Structure formats: structure tokens, C-alpha cells
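Report on one structure; see the data block that follows.
All values reported here derive from a predicted model rather than from experimental measurement.
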Amino acid sequence: MSEETSKKPMTDEERLQLAAKLDKELDQFINSREKRSYTDGWPEDRWEEEMAKHPFFMTKAPEPGEELSPLMKGLQQLKYDPEENTAQELAEAYKEDGKWHMQNKQFRLAVWSYTEALKFNVTEAEYKSVLYNNRSAAHFFIKNYRSSLLDAQKALELKPDYDKARWRAAQCADHLNRYDLCVELCDQVLKAEPTNAQALELRKKVIARKTLKERDERKAEQAKRRKVEQFARTVEQLKERGVKFEEKDALTNEARLKPRLAPLEDFIVTADSNGVLHWPTVFCYPQFLSTDFQQQLSEELTMEEVLLNMFAEPMELDEDGQYAAHTVNVYYENRISAIVRKVDLKMKIKDILKEKTFYVYEGTLTFYILVKGSPYEALYLGETRTPLKLNK
């Protein structure tokens with residue numbers, strides 16, 4: 001026979017005591033847990049920044065190369081997925097991207113967006129003309145004038161009455177100095193709008209520039225022709241005088257007559273309208289290891305006249321006043337035979353050049369000036385070359 005045990009009901013006071021005990025134990029449990037801050041939400045000091053990264057709250061597109069959130073990647077895949085969109089829808093998506101980049105002055109990205117849009121087989125001519133015109137505008141802003149012109153012309157092929165494309169093509173032609181094309185395009189603009197001030201001004205400016213360019217080209221051509229004629233005249237005079245050059249092709253190759261020394265390099269030997277030769281000339285002073293230059297020395301001058309002119313004022317390096325037309329000797333060197341020869345100061349330059357031992361090197365006459373009887377003259381003659389006697 002089982003013994004039945006009955007439970008005594010809890011009084012209100014006992015219930016309150018139990019509830020208090022449970023509350024106390026729960027507080028103890030919570031307080032015993034590790035204290036950690038909540039990291040899954042948006043930081044209080046950056047919540048606006050974090051919110052702007054969410055696709056639903058974005059106000060600007062991610063920058064190129066910026067990491068995208070999974071949700072943004074998914075949205076982009078939906079936007080550009082060829083299985084989810086028609087060719088027209090995809091073209092429109094890239095067209096809108098291009099528009100956004102243009103508004104934000106990201107012109108290179110705009111070019112890329114419009115290029116992507118043009119890849120899709122959109123058959124509507126007017127729609128394609130808009131894409132070409134928009135890409136033309138993007139090219140224009142980054143000064144790709146040739147590409148901008150080509151795109152504007154394609155837009156006009158698809159839509160012949162596309163005024164914006166025609167005007168941009170005219171501007172590009174101006175930047176590319178394609179004067180005739182620019183005038184032609186301006187004429188087309190003015191045919192539809194005779195009072196278009198911009199087209200009238202551009203046409204006037206381009207015609208003036210074309211006229212100036214043609215004038216400059218004629219002058220350049222005349223200068224080139226005169227140069228050719230002068231060289232032929234110079235060669236004729238050099239042959240007539242029997243001038244000898246170390247370079248065998250000096251009379252057939254103008255570059256061989258060009259002096260190599262910087263002060264003389266722009267002064268090639270030339271014959272004037274009277275047939276007189278003018279020579280680039282260097283005078284060397286072994287005593288001072290220095291040089292003087294005469295860029296156009298007339299062959300009709302005697303060496304004495306040249307010296308009188310050179311020493312009309314004292315040389316800066318000649319502190320003792322030794323150098324004068326009557327106190328110096330002048331020599332030239334024959335590099336082929338390794339000899340020097342003294343110059344007769346009464347002889348003209350053209351007669352000195354006729355001597356059998358005188359050779360011109362690199363289109364330049366070279367003479368050495370030393371004080372008569374000086375140690376420097378003896379050193380120059382004794383250690384460098386064997387002097388020849390002057391032919392009378």
C-alpha cells in the first residue's frame with residue numbers, strides 16, 4: 001500500500017522570498033561574465049560614414065579599385081549581367097555610368113563607359129549617335145582632339161542634323177589646325193543658323209591663321225631655296241679658288257662644312273652676292289691657352305688688317321701689353337704632314353688658303369698667334385712641329 005504524500009502550498013511571503021533569491025542569482029551570473037564591447041554595429045563616431053557605404057544609402061559610386069561589399073557586388077552583377085539584361089539595357093547602364101562620370105569630371109572613365117556601351121549591338125542609329133557624341137565630348141575635355149573629331153564625325157554619319165556633334169567637330173578641327181575642314185563645318189553650321197556668332201568668329205579666326213601659315217610656309221620655302229642657291233654658289237667659289245679640305249666630301253656634303261666649335265657652329269663658310277667668301281675662323285693663343293673667334297672673316301682682308309682690328313684694344317689676358325699687329329707672328333698647321341707654316345701678314349686670307357700646305361678642317365680656318373722671339377714661340381715651334389720657310 002503506497003503512502004501518499006501531499007505538498008503544502010507556498011504562501012505569498014515564500015513566493016516573494018524565492019523571486020528575490022532568483023533575481024540575486026541572475027545578477028551574480030551576469031556580473032561574473034567577461035565584459036566586452038559590442039563590435040557588430042556601426043561605431044558611434046563613424047555611423048554616417050559606415051551608413052554611406054551601404055548600397056541602399058549610397059550617394060556616390062565606389063572609386064575604381066575600391067573594395068565592394070558583397071551586396072554591392074551582387075547589385076552590380078545584376079546590373080551588368082548579360083543573362084539578366086538585354087543589349088539595350090546593358091548599353092543604357094553604361095551610358096548612365098558615362099553620364100555620371102561626366103558630371104563628376106571623370107572624363108577618362110566616361111570614355112571607357114561610352115566605349116563599353118558601344119560594344120552592344122544597339123541598332124537604333126540615333127541612340128548610337130548620342131553615344132558617339134557623348135564619347136566625343138569626353139575626349140574633348142581631356143584634349144584628345146583627334147579621337148573627339150572621329151567620334152563627332154561618326155555621330156554625324158548616323159545623324160546628319162546633329163548640331164552639337166557638328167560644332168564639336170569644328171572645334172576639334174580648329175585645335176588640329178585642319179583649317180579647310182573647320183571652315184567647311186562652320187559653313188554647315190551657318191547654313192542652318194546664319195547668325196551663329198561662335199561659328200562666324202571661329203571661321204574668321206581660322207581663315208586668318210590659314211593665311212598666316214601659308215605666308216610662313218612660302219617664306220620658309222623661299223629661305224630654303226636661297227640656302228640651296230647660296231650653298232651652290234659657295235661650292236662654286238671654293239672650287240674656283242682650289243680650296244683644299246681634310247674631308248674629301250666637304251664640297252658635296254654641307255654637314256662637312258659645319259664648324260664643330262660652339263661659337264662658330266651656326267656660321268658656315270658662305271659666298272655673298274659678289275662671290276666673296278666669308279669664313280668662320282679661330283685664333284689660338286698658346287701662351288694663354290685661349291682662343292678668339294671671328295664668325296664671318298672676309299677673304300679679302302689681309303692678315304695684317306685682321307690683326308690691327310683684333311688688337312685695336314689691349315687683350316685682357318695680355319697684362320704686359322706684348323700683343324700688337326707688329327709684335328706677333330701668325331702660323332697655321334698642316335695636320336696631314338704634321339708641320340707648321342708662318343703666314344705672310346701682307347697676304348690676303350684668300351691667298352693664304354691657296355698655299356699647297358693649307359687645308360681646311362671642319363669648315364673652319366685656324367691660326368696660331370705668338371709674340372715674335374718669345375719663349376712661347378720657341379716652345380711652340382720646337383716641341384710641336386718643324387717650321388717651314390716662307391715662300392716668297
Side-chain angles (χ1 to χ4, degrees), residues 61 64 80 85-221:
Y80 302 110
N85 301 276
T86 65
Q88 180 67 49
E89 289 171 338
L90 290 169
E92 185 64 22
Y94 283 108
K95 177 174 175 288
E96 288 301 312
D97 287 349
K99 178 181 178 182
W100 189 91
H101 289 309
M102 289 289 287
Q103 291 172 343
N104 288 275
K105 303 185 184 306
Q106 298 175 345
F107 302 118
R108 295 186 186 279
L109 289 174
V111 168
W112 179 84
S113 296
Y114 291 128
T115 300
E116 290 299 307
L118 284 164
K119 290 180 180 180
F120 298 99
N121 187 25
V122 179
T123 56
E124 186 183 351
E126 185 165 348
Y127 186 84
K128 290 183 71 175
S129 71
V130 171
L131 292 177
Y132 277 117
N133 180 63
N134 290 354
R135 190 171 70 175
S136 173
H139 275 304
F140 188 85
F141 282 116
I142 54 177
K143 300 183 180 182
N144 290 344
Y145 299 123
R146 194 174 305 279
S147 296
S148 181
L149 175 60
L150 291 173
D151 277 349
Q153 289 175 321
K154 288 177 182 177
L156 284 169
E157 289 176 9
L158 294 164
K159 187 181 178 184
D161 61 346
Y162 208 155
D163 294 335
K164 286 185 178 180
R166 181 173 288 104
W167 176 241
R168 184 171 295 106
Q171 291 176 298
C172 291
D174 173 34
H175 283 290
L176 295 169
N177 296 327
R178 295 184 60 177
Y179 306 119
D180 293 337
L181 176 60
C182 185
V183 170
E184 179 185 346
L185 289 164
C186 286
D187 287 342
Q188 292 174 9
V189 172
L190 292 168
K191 185 177 180 180
E193 190 182 350
T195 60
N196 188 307
Q198 287 182 307
L200 287 168
E201 180 61 26
L202 180 59
R203 188 181 190 279
K204 178 182 177 181
K205 182 183 74 171
V206 166
I207 289 176
R209 284 172 50 208
K210 180 185 178 183
T211 302
L212 184 62
K213 180 175 181 288
E214 289 174 346
R215 186 201 67 182
D216 290 344
E217 287 175 346
R218 286 194 301 272
K219 290 174 66 176
E221 186 61 32

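In this structure, the side chains of Leu181 and Leu149 come closer than 4.5 Å at one or more pairs of heavy atoms. Between Val189 and Gln198, the closest side-chain pair of non-hydrogen atoms is not below 4.5 Å. A 4.5 Å side-chain heavy-atom check between Phe107 and Lys105 finds at least one atom pair inside the cut-off. Using a 4.5 Å heavy-atom cutoff, the side chains of Tyr127 and Lys95 are in contact. For the pair Trp112 and Thr115, the minimum side-chain heavy-atom distance is 4.5 Å or more.
Between the SG atom of Cys182 and the NZ atom of Lys210 there is a distance of 11.0 Å, given to the nearest 0.5 Å. Considering CD of Gln88 and CG of Asn121, their distance stands at 10.5 Å, rounded to 0.5 Å. Rounded to the nearest 0.5 Å, atoms CG (Leu109) and CH2 (Trp100) are 8.5 Å apart. We find the OG-CG distance between Ser113 and Leu118 to be 11.0 Å, quoted to the nearest 0.5 Å. To the nearest 0.5 Å, atom OG1 of residue Thr195 and atom CG of residue Leu200 are 7.5 Å apart. Taken to the nearest 0.5 Å, the NZ atom of Lys154 stands 12.0 Å off from the CG atom of Leu131.
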*Go through the steps to decide whether Lys213 and Asn177 satisfy the test side chain to side chain contact (heavy atoms under 4.5 Å, CB included), and finish with yes or no.*
CA-CA 10 Å; Lys213 180 175 181 288; Asn177 296 327; 5.7 Å; no
*Residue pair Val130, Tyr162: steps toward the side chain to side chain contact (heavy atoms under 4.5 Å, CB included) verdict*: CA-CA 9 Å; Val130 171; Tyr162 208 155; 3.9 Å; yes
Considering only distance and modelled atom types, tabulate donor-acceptor pairs under 3.5 Å from the side chains of residues 138-146, sequence neighbours left out.
from, atom 1, to, atom 2, distance (Å)
His139, ND1, Asn144, ND2, 3.3

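Looking at Arg168, Lys205, Lys204 one by one, the single match for salt bridge (Lys or Arg N to Asp or Glu O under 4.0 Å) with Asp174 turns out to be Lys205.
The two atoms that bring Leu156 and Ala165 nearest to each other are CG-CB, 4.1 Å, heavy atoms only. The two residues Thr86 and Glu89 make their nearest non-hydrogen contact at N-OE1, 2.8 Å. Annotation for Ala155 and Asn133: closest pair CB-N, 4.0 Å, computed over non-hydrogen atoms. Contact detail for Leu190 and Asn196: the closest heavy-atom pair is CD2-O, 3.7 Å. Contact record, Val122 with Ala91: CG2-CB, 3.7 Å, taken as the closest heavy-atom pair. Closest approach of Ala110 and Gly98 over heavy atoms only: CB-O, 3.8 Å.
Side-chain N or O atoms of Thr211 include one that pairs as donor or acceptor with a backbone N or O of Ile207 at under 3.5 Å. Although no hydrogens or angles enter the test, the distance criterion places a donor-acceptor pair under 3.5 Å between the side chain of Tyr114 and the main chain of Lys99. A donor-acceptor pair under 3.5 Å is absent between the side-chain atoms of Arg203 and the main chain of Leu185, judged by distance alone.
Heavy atoms from other residues, nucleotides or ligands lying under 6.0 Å from CZ of Arg209 number more than 12. Counting non-hydrogen atoms of neighbouring residues, nucleotides and ligands closer than 6.0 angstrom, the CZ atom of Arg166 exceeds 12 such neighbours.
Contacts classified as salt bridge (Lys or Arg N to Asp or Glu O under 4.0 Å) and involving residues 119-142 (residues at least two apart or in different chains) are given here: Glu116-Lys119, Glu126-Lys159, Arg135-Asp151.
With respect to the salt-bridge test (charged N to carboxylate O, under 4.0 angstrom), the residues Asp216 and Lys219 do not qualify.
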